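In what follows, residues are counted from 1 in the order of the sequence shown. Counting starts at 1 for both ligands and their atoms, in listed order. What you are looking at is a predicted structure, and each value in this text was computed from that prediction instead of being measured. What's counted below: heavy atoms across the whole structure, side chains too, no hydrogens, waters or symmetry copies.
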Amino acid sequence: MIVKVPFVDLKAQYDQIKSEVDEKISWILENTAVSLGQDLRDFEEEFAVFCNEKYSVGVSSGTDALIIALRTLNIGPGDEVITVSNTFIATAEAISLAGAVPVFVDINNDDFNIDTSLIEDKINEKKKAIIPVHLFGQPANMEKISDIAVKHGLFIIEDACQAHGAEFIGKKVGTLGNIGAFSFYPGKNLGAYGDGGAVVTNNEELYRKMLSMRSHGEVEKGRHDIIGSTNRLDNLQAAILRVKLKYLESWNESRRNNAMLYRKYLEDLELELPEEIEDRKHVYHLYVVKVKNRDMVREKLFERGIATGIHYPVPIHLQPAYGFLGYKKGDLPVAEETSDSVLSLPMFPELTEEQIKHIRSSLIEVLG
Ligand SMILES: *Cc1c(COP(=O)(O)O)cnc(C)c1O
């Protein structure tokens, strides 16, 4: 018999919270509380509390969260922003859409995050900010990044879109720079049933600017101080996220437990497993291993009913969309090597030990 293992299982999650979610949705519809409603305000407060930060603003997506953060810090045409190339393309797109230029720095071999020893070489008067990405759910080295940012007067915007609840030396990510950006895309650790995102900050002035920017720069009815857009988090999605937020901590613990089981069952195979660095709490948005002959392994796992992913097959500096920046193969060797060998195994809170054992036995067959 073939045991099917999906890459994520949103239906299994919905089954646990169905009654609460359904009740919320019908309440919203019955009361036509569809835009900038109480559930949005309540969610913003609850998400700020979760992050241990003063303010949070619900926005339309993680990409928009990054764009709003950049624009709020007055980063735009003529400016450059330091980030990584092995991330979801949205990190770079946000910089471009704000009018600035992304400058890519290579990554570490162990945690897939920005190699902080390479940042200072890139700094000149055009650089305005660093966007570290807490990739796959593991925090980047925020201590080093903060030191560099302070020394050179740069802003820090954390791309925490894969890391809701992850911690660096006991502090939640998103709160370690000037602004933190989150995505609530359905498959994220905290996901809506549609698109959504949030920015968090401790700075009241930044908070007020982001609050108005996400809704046409309106500060009071009919008065628009800055140019914004339609970037609100839907009240309906906020209501759903309020239900899910209560479970986030326990879902993250289940992900961490699954990562432990993966280590137990895969440790003796020809694979490089992800390392959790000391003082960092990894929340395993993705469980990414490195393996030889990756594409063949992926194909054969698929034949055995196991869905996997590749995050990311082509680093952004080599994507056609960014060809105009003039990067070439060899410019970011670690990011490039990584993109050839990474394989994301199924990871979600409801993944069972049985499924992980099936992945083990399939991998033994595939790897020979
Ligand atoms: C998902 C994601 C984003 C963008 O979020 P959306 O809500 O899809 O716009 C940005 N950065 C990273 C690292 C992501 O994983």
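Considering backbone and side-chain N/O atoms, Leu135 never comes within less than 3.5 Å of an N/O atom of ligand 1. In terms of polar-atom proximity, Tyr185 is not counted as a contact of ligand 1, lacking any N or O under 3.5 Å from an N or O of the ligand. In terms of polar-atom proximity, defined here as any N/O pair under 3.5 Å, Asp64 makes no such contact with ligand 1. At a 3.5 angstrom cut-off on N or O pairs, Tyr312 does not count as close to ligand 1. An N or O contact shorter than 3.5 Å links Thr63 to ligand 1 by distance.
Of the listed residues (Cys161, Ser61, Gly191), the one carrying the non-hydrogen atom nearest atom 12 (C) of ligand 1 is Cys161.
Lys290 has its side chain within reach of Phe112: a pair of non-hydrogen atoms, C-beta onward, lies under 4.5 Å apart.
Remark: Lys244 is not positioned above the aromatic ring of Phe43, lacking an NZ or CZ atom under 6.0 angstrom from the ring centre and at most 45 degrees off the axis.
Set against the non-hydrogen atoms of Thr91, the atoms of ligand 1 under 4.0 Å away are 11 (N). Listed by atom number, the atoms of ligand 1 under 4.0 Å from Thr87 heavy atoms are 13 (C). Close contacts between ligand 1 and Ala90 involve ligand atoms 3 (C), 4 (C), 10 (C) [criterion: under 4.0 Å to a heavy atom].
Salt bridge present: Lys11 and Asp15 bring a charged side-chain N and a carboxylate O closer than 4.0 Å.
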**OP:** In sequence, state the C-alpha distance, the side-chain angles, and the governing distance for Asp22 and Tyr14, and then conclude on side chain to side chain donor-acceptor pair (under 3.5 Å).
**Re:** CA-CA 10 Å; Asp22 290 2; Tyr14 175 60; 2.5 Å; yes
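Residue Val133 places a heavy atom less than 4.0 Å from ligand 1.
Counting non-hydrogen atoms of other residues, nucleotides and ligands closer than 6.0 Å to NZ of Lys246 gives a total above 12. The number of heavy atoms from other shown groups lying within 6.0 Å of CG (Asp42) is above 12.
Taking CD1 of Ile67 as the reference point, atom CG of Leu97 lies at 4.5 Å (rounded to 0.5 Å).
Among protein heavy atoms, the minimum distance from atom 11 (N) of ligand 1 is reached at Asp159 OD2, 2.8 Å. Taking atom 2 (C) of ligand 1 as the reference point, the nearest protein heavy-atom neighbour is Lys188 NZ, 2.7 Å. For atom 15 (O) of ligand 1, the closest non-hydrogen atom on the protein side is Gln162 NE2, 2.8 Å.
Hydrophobic clustering, with ILVMFWY side chains joined whenever heavy atoms are under 4.5 angstrom apart, groups Val366 together with Ile306.
Ring-plane geometry between Phe184 and Phe47 is classed as perpendicular, the angle between the planes exceeding 60 degrees on a 0 to 90 degree scale with a lower cut at 30.
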